[in-house]
K.L.:
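This is the structure I have questions about; it appears just below.
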Amino acid sequence: MVTDTPILHVDMDAFYASALLRDRPELQDRPVMVGGGHRGVVLAANYPARAYGVRSAMTGTRARRLCPQVVVLQPDYDLFTAVSASVMEVFRRVTPLVEAVSLDEAFLDVRAAGRRAGGPVELGEWIRATVHDEQRIACSVGVAASISVAKLASRRAKPDGLLVVPPDEVTAFLHPLDVGELYGVGDKTRTRLHRLGLVTVGDVAHTPVATLRRDLGHHLGGHLHDLAWGVDVREVSPGRAGVFGHGGPPDRSMGAQETFGRDTDDREVVLRELLRLTAKVTARLRSAAVAGRTVAITVRFADFTTITRSRTLGEATDVTQEVYAAAVRLYDAQGLQRARIRLVGVRVEGLVPRQQVERQGVLGERDRGWADADRAVDRAARRFGSAAVRPASLLGPGAGR
DNA sequence: TCTGGGGTCCTAGGACCC
DNA sequence: TCTGGGGTCCTAGGACCC
């Protein structure tokens with residue numbers, strides 16, 4: 001297909017809320033948010049809730065203050081994953097060049113699209129109609145020559161719309177926008193730019209790139225200057241987003257973290273949580289057939305300051321006890337006797353395919369017993385569900401008696 | 001009841017090697 | 001005595017995205 005705007009960005013509207021509301025039509029027109037329970041933040045809000053100022057990433061407390069009558073729904077990730085897979089499948093009917101960014105958004109390159117009906121706009125409208133018919137969820141589409149402009153266009157098209165930005169209108173579209181709209185500009189960078197007097201994308205575009213590099217760092221400075229002129233050479237790469245299991249590049253790390261119900265200074269409580277999180281992570285490593293050399297822990301204190309500590313091992317591992325032992329060493333090395341701890345996390349980095357490790361004859365030989373125990377746990381989890389199997393020290397007092 | 005959980009990438013300093 | 005210059009790995013922190 002010959003077109004000067006071959007990139008589509010498709011973004012579900014209020015995805016988590018929309019997915020849950022499919023089966024709760026009576027709530028459709030009432031303000032609804034997903035998540036935001038004890039110590040949690042809002043994961044998604046439907047448009048009636050947004051009318052009250054409720055936004056994702058806001059604390060549940062704040063959201064309820066803004067909208068006391070808001071209906072709170074619990075997230076259902078199995079449902080979200082299933083709906084997402086169906087939606088992505090719709091995209092692939094248009095083109096194989098689909099890059100899933102997350103469960104609810106994707107880039108499509110329609111240059112190689114078949115003869116399905118017309119140009120990018122027709123394809124975009126077909127996707128919107130089909131997703132709506134088959135999945136009962138509204139989505140918005142941005143159409144442009146590049147990934148970054150398509151992404152901004154879909155945001156402007158919301159809710160339930162489509163916006164094309166032709167190449168000769170890119171700067172007119174971009175330059176009035178606030179710098180915070182640019183991909184890669186979060187709260188911190190936006191504030192810094194504003195303090196430098198750079199408020200709009202046009203301001204960034206007309207600042208010498210050397211100045212931007214000096215003030216923001218070499219990479220970010222150059223990147224933002226490019227984006228401000230709509231220069232973005234990144235291609236849609238279907239290999240990305242390994243979460244969806246489409247044979248993309250393997251993940252670079254896997255981790256798990258959790259905020260305690262209330263802050264704790266009890267080493268035993270912390271270690272039990274580290275073991276639980278480690279078991280969760282290593283089970284994922286094994287099911288993905290990868291192992292990692294670096295073990296990192298995260299500790300967040302009551303005042304929200306957060307530290308990470310990491311240690312690189314001699315060889316990659318997926319063995320629960322090895323990762324756990326490293327995590328405990330890292331934790332104990334901090335000497336946190338009296339600290340009030342809010343959250344701990346465990347992450348394994350530097351992942352490589354397990355065969356690579358096995359070929360070196362290492363994995364499983366060092367601690368055959370522990371590796372065998374892990375395999376037994378994996379088998380039992382497959383048969384009885386993961387809730388049925390966990391390390392003995394995670395069982396409460398009296399368990400098994 | 002202020003502030004989740006899953007990630008990626010960049011920067012920067014020091015160690016270490018050639 | 002008067003001191004290079006890269007390259008890579010490791011660690012810690014921070015910003016960002018969804």
Side-chain angles (χ1 to χ4, degrees), chain A residues 9 11-12 14-16 33-44 55-66 72 74-75 77 80-81 84 99-107 147-148 151 154-155 179-193 213 216-224 227 234 240-244 248-263 277 280-281 284 292-314 326 330 333-334 342-351:
Chain A
H9 181 249
D11 201 341
M12 302 298 118
F15 179 59
Y16 291 176
M33 70 185 200
V34 182
H38 178 64
R39 304 243 250 187
V41 299
V42 176
L43 298 172
R55 297 283 182 276
S56 38
M58 175 180 279
T59 65
T61 315
R62 170 129 193 263
R64 270 182 292 266
R65 209 157 46 221
L66 289 166
V72 182
Q74 293 312 304
Y77 288 99
F80 302 153
T81 304
S84 174
E99 176 178 335
V101 179
S102 66
L103 288 179
D104 76 324
E105 75 183 84
F107 292 105
I147 279 182
S148 63
K151 167 111 181 147
S154 73
R155 193 181 296 168
V179 284
E181 301 269 333
L182 290 178
Y183 192 88
V185 178
D187 264 352
K188 305 278 182 180
T189 306
R190 177 173 182 269
T191 302
R192 274 172 73 187
L193 288 166
R213 287 190 196 278
L216 300 171
H218 189 81
H219 183 91
L220 186 61
H223 182 63
L224 292 189
L227 290 187
R234 198 162 78 76
R240 285 165 166 268
V243 261
F244 301 100
D251 290 336
R252 296 176 169 281
S253 70
M254 284 190 195
Q257 57 177 54
E258 194 156 292
T259 299
F260 291 110
R262 45 189 246 247
D263 301 342
L277 295 168
K280 189 168 156 183
V281 172
R284 284 179 58 210
R293 274 186 72 206
T294 302
V295 176
I297 65 166
T298 299
V299 180
R300 174 168 296 153
F301 301 100
D303 69 356
F304 227 72
T305 59
T306 306
I307 61 169
T308 65
R309 293 291 180 269
S310 65
R311 192 81 196 161
T312 299
L313 311 174
L330 287 166
Q334 303 314 307
R342 179 188 177 89
L343 163 151
V344 288
V346 177
R347 177 161 295 275
V348 177
E349 304 169 348
L351 304 188

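All figures in this text were calculated on a predicted structure; none of them were measured in a lab. No hydrogens, no waters, no symmetry mates; every other heavy atom, side chains included, goes into these values. Lettering follows sequence order; numbering is per chain, from 1.
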K.L.:
Within the 4.0 Å heavy-atom criterion, would you say A/Arg262 contacts the bases, only the backbone, or no part of the nucleic acid?
P.N.:
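No contact.
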K.L.:
Give the minimum heavy-atom separation between A/Asp11 and A/Ser154, together with the two atoms involved.
P.N.:
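Where A/Asp11 meets A/Ser154 most closely, the heavy atoms are CB-OG, 4.2 Å.
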K.L.:
Does the distance from a Lys or Arg side-chain N to an Asp or Glu carboxylate O, for A/Lys151 and A/Glu105, drop under 4.0 Å?
P.N.:
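Salt bridge: yes.
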K.L.:
Categorize A/Arg192 for me: base, sugar-phosphate, or nothing, with a 4.0 angstrom heavy-atom threshold over every strand shown.
P.N.:
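Here A/Arg192 touches no strand at all.
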K.L.:
Applying salt bridge (charged side-chain N to carboxylate O under 4.0 Å, His left out), can you list everything that pairs with A/Glu258, at least two apart in sequence or on another chain?
P.N.:
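Salt bridge (charged side-chain N to carboxylate O under 4.0 Å, His left out) list for A/Glu258, sorted by chain: A/Arg276.
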K.L.:
My understanding is that only residues two or more places apart in sequence, or in another chain, count here; which of them pass ring pair (Phe, Tyr, Trp, His ring centres under 6.0 Å) with A/Phe80?
P.N.:
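Counting only residues at least two positions away or on another chain, A/Phe80 forms a ring pair (Phe, Tyr, Trp, His ring centres under 6.0 Å) with A/Tyr16, A/Tyr77.
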K.L.:
A/Arg347: which residues meet the salt bridge (charged side-chain N to carboxylate O under 4.0 Å, His left out) condition with it, sequence neighbours left out?
P.N.:
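So A/Arg347 forms no salt bridge (charged side-chain N to carboxylate O under 4.0 Å, His left out) with any residue.
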K.L.:
Filter on side-chain hydrogen bond (donor to acceptor under 3.5 Å, both in side chains), then keep only pairs touching residues 179-192 of chain A, sequence neighbours left out; what's left?
P.N.:
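Non-adjacent pairs meeting side-chain hydrogen bond (donor to acceptor under 3.5 Å, both in side chains): A/Arg155-A/Glu181, A/Asp178-A/Arg190.
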K.L.:
Could you work out, with salt bridge (charged side-chain N to carboxylate O under 4.0 Å, His left out) as the rule, every residue matching A/Arg311, not counting sequence neighbours?
P.N.:
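Salt bridge (charged side-chain N to carboxylate O under 4.0 Å, His left out) list for A/Arg311, sorted by chain: empty.
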K.L.:
Heavy-atom contacts under 4.0 Å between residues 295-308 of chain A and DNA chain C, which residues?
P.N.:
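Only A/Ile307, A/Thr308 qualify.
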K.L.:
At a heavy-atom distance below 4.0 Å, which nucleotide of DNA chain C is the first touched by chain A, and which is the last?
P.N.:
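For DNA chain C, the relevant span reads C/dC10 to C/dC18.
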K.L.:
Using a 4.0 Å heavy-atom cut-off across all strands, classify A/Leu313 as base, sugar-phosphate, or nothing.
P.N.:
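It contacts nothing in the nucleic acid.
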K.L.:
When we call it a touch if two heavy atoms are under 4.0 Å apart, what does A/Arg62 touch: a base, just sugar-phosphate, or nothing?
P.N.:
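Counting heavy atoms under 4.0 Å across all strands, no contact is made by A/Arg62.
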K.L.:
With A/Phe107, which residues qualify under ring pair (Phe, Tyr, Trp, His ring centres under 6.0 Å), at least two apart?
P.N.:
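Testing A/Phe107 for ring pair (Phe, Tyr, Trp, His ring centres under 6.0 Å), a comparison that skips the adjacent residues, returns A/His9.
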K.L.:
When you match A/Met254 and A/Gly37 each to their closest nucleotide on DNA chain B, which lands nearer the 5' end?
P.N.:
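Its nearest nucleotide lies further toward 5', so the answer is A/Gly37.
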K.L.:
Go through the structure and list residues passing side-chain contact (heavy atoms from CB on, under 4.5 Å) with A/Thr308, not counting sequence neighbours.
P.N.:
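So A/Thr308 forms a side-chain contact (heavy atoms from CB on, under 4.5 Å) with A/Thr298.
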K.L.:
For A/Arg62, enumerate each residue passing the salt bridge (charged side-chain N to carboxylate O under 4.0 Å, His left out) test, keeping only those at least two apart in sequence or located in another chain.
P.N.:
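A/Arg62: no salt bridge (charged side-chain N to carboxylate O under 4.0 Å, His left out) contacts found.
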K.L.:
Write out the stems for DNA chain C, ordered by first number and formatted as range with range, counting runs of at least 3 consecutive Watson-Crick or G-U wobble pairs under 3.5 Å.
P.N.:
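DNA chain C stems, ordered by first number: B:5-18 with C:5-18.
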K.L.:
Return whichever of A/Gly217 or A/Lys280 has its heavy-atom-nearest nucleotide of DNA chain B closer to the 5' end.
P.N.:
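Upstream on the strand: A/Lys280.
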K.L.:
Please work out if A/Met58 contacts a base, only the sugar-phosphate, or nothing of the nucleic acid, heavy-atom cut-off 4.0 Å.
P.N.:
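No contact.
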K.L.:
Checking A/Thr259 now: which residues fulfil side-chain contact (heavy atoms from CB on, under 4.5 Å) with it, not counting sequence neighbours?
P.N.:
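With neighbours one apart ignored, the set is A/Arg39, A/Arg342, A/Leu343.
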K.L.:
Could you give the distance separating B/dG4 and C/dC17 at their C1' atoms, to the nearest angstrom?
P.N.:
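Per the computed distance, 14 Å lies between those C1' atoms.
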K.L.:
Determine the contact category for A/Gly255: base if any of its heavy atoms lies under 4.0 Å from a base atom, sugar-phosphate if only primed atoms, P, OP1 or OP2 are that close, otherwise nothing.
P.N.:
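Answer is sugar-phosphate: A/Gly255 comes under 4.0 Å of backbone atoms only.
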